[in-house]
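Naming: A, B, ... by sequence-line order, numbering from 1 per chain.
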There are 2 protein chains.
Amino acid sequence: MANTHVKEMQALKEHLGKHQLKLTRQRELILSAFLRQEHITAEAMYHQLAKSDPHLGLATIYRTLNLFCDAGLAQARHFGSQTKYDNVSHKGHHDHLICTGCEKIVEFENEEIERLQEEVATRNGFTIKTHRLELYGLCSRCRH
Amino acid sequence: MANTHVKEMQALKEHLGKHQLKLTRQRELILSAFLRQEHITAEAMYHQLAKSDPHLGLATIYRTLNLFCDAGLAQARHFGSQTKYDNVSHKGHHDHLICTGCEKIVEFENEEIERLQEEVATRNGFTIKTHRLELYGLCSRCRH
DNA sequence: TATCATTTTGAGACAGTTTATCAATTTCAA
DNA sequence: TTGAAATTGATAAACTGTCTCAAAATGATA
Ligand SMILES: [Mn+2]
Ligand SMILES: [Mn+2]
Ligand SMILES: [Zn+2]
Ligand SMILES: [Zn+2]
């Protein structure tokens, strides 16, 4: 655990430094736990961390995950009715395939789709800032 | 107003008939107002209708819009953090371009994107049931 | 048209999720 | 080491949407 997530920790420190924010025990702890997941809800992280740190407040989890979003390490994604924080520290933009049977989430990137999105936007006079593409269905296992 | 939205009214009646549901003054009123919009929140519809019918309850709005969804007249869409009911009575599947400046929503369809989505799904062993594609950005007016 | 079982409504309670408040604690620059 | 500023945890509050239930409306039937 000593030399894992060094890069992300560095990125966080950089963000903190730029915004007069402080590095706390909680922020370190939450970052470390967050980086072990791909997609997680604040509530799930709260329960997960409660085992080792029963006094960590839910509000702190929310505040910290939102801080990670500001720092570019995380991204809040609204899947169905849940808000999951997506670990984007080590990867670029991507979209999602979501199994409605088992909740499995597969990430994908498709240059061609992205290009066509730009085309659609341009045709309508828009400049895209962000987008969201989610495909909901059944994975091979759940189909049977 | 006498002969507008006759088809949609008919579709609603058909759904009601099939499910032992009743046609009420409120359902007629809400349908008529709903069909005048493209995308609207339950809350917005509530305030809009309150002017002419101050006793119409918010729960009734929600119940009725959800009924329209069941009847295939409406579709609930989660844009950002808002849930808007999309009037789909007279159109098929489509996706959205959303201006983050003025909230303008432009609908579009793109065969090619849809095809590529299927391709991505197949490649990952998924069978798509639904999908959501939203492009957020600035419209030409808001860019300046 | 009157009857009346069934459905619907409106008001507000309630639930789930996220943010705001604030006194106490922690951090870190000087 | 000190102390101003930031952060935390507990909990209140905000917000969105659903549930409850007594009263009212609907519509099939006589
Ligand atoms: Mn992801
Ligand atoms: Mn639409
Ligand atoms: Zn599955
Ligand atoms: Zn605009």
Open item on the list: Test: side chain to side chain donor-acceptor pair (under 3.5 Å). Region: residues 11-26 of chain B. Which pairs qualify, not counting sequence neighbours?
Closed with: B/Arg25-B/Asp53

Task: NZ/NE/NH1/NH2 to OD/OE distance under 4.0 Å, B/Lys91 and B/Glu109 - done: no

Task: A/Ile61 vs B/Ala42, nearer the 5' end of DNA chain D by closest nucleotide - done: A/Ile61

Task: Protein-nucleotide distance (B/Asn66, atom CG; C/dT9, atom C1'), rounded to Å - done: 16 Å

- [ ] Return one dot-bracket line describing DNA chain D 5' to 3' (Watson-Crick or G-U wobble pairs, both distances under 3.5 Å; ( ) same strand, [ ] crossing, | another strand, . none).
- [x] ||||||||||||||||||||||||||||||

Task: Between A/His131 and A/Gln117, a side-chain donor and acceptor under 3.5 Å - done: yes

Open item on the list: Strictly below 4.0 Å: does A/Ser81 bring a side-chain N or O up to OP1 or OP2 of C/dG16?
Closed with: no

Open item on the list: What I want to find out is whether A/Arg115 reaches A/Glu111 closely enough, with some N-O distance under 4.0 Å, to be called a salt bridge.
Closed with: no

Task: Covered region of DNA chain D, 5' end to 3' end, by chain B [heavy atoms, under 4.0 Å] - done: D/dT16 to D/dG27

Open item on the list: Using a 4.0 Å heavy-atom cut-off, does B/Gln20 contact any base of the nucleic acid, only the sugar-phosphate backbone, or nothing at all?
Closed with: sugar-phosphate

Open item on the list: Students often mix this up, so state it plainly: with edges at 30° and 60°, are the rings of A/Phe68 and A/Phe34 parallel, tilted or perpendicular?
Closed with: tilted

Task: B/His90 atom NE2: more than 12 heavy-atom contacts under 6.0 Å - done: yes

Task: Annotated protein contacts, base or backbone, on nucleotides 21-30 of chain C with a non-hydrogen cut-off under 4.0 Å, one of B, S, - each - done: B-----BS--

- [ ] Count the heavy atoms belonging to other residues, nucleotides or ligands that lie under 6.0 Å from CZ of A/Arg143, then report whether that count exceeds 12.
- [x] yes

Open item on the list: My understanding is that only residues two or more places apart in sequence, or in another chain, count here; which of them pass side-chain contact (heavy atoms from CB on, under 4.5 Å) with A/Ser89?
Closed with: A/Glu8, A/Leu35, A/Leu73, A/Asn87

Open item on the list: Rounded to whole Å, please give me the gap between CG in B/Leu29 and C1' in C/dT8.
Closed with: 15 Å

- [ ] Can you sort out which residues in residues 50-58 of chain A have a heavy atom within less than 4.0 Å of DNA chain C? Ascending by number, please.
- [x] A/Leu58

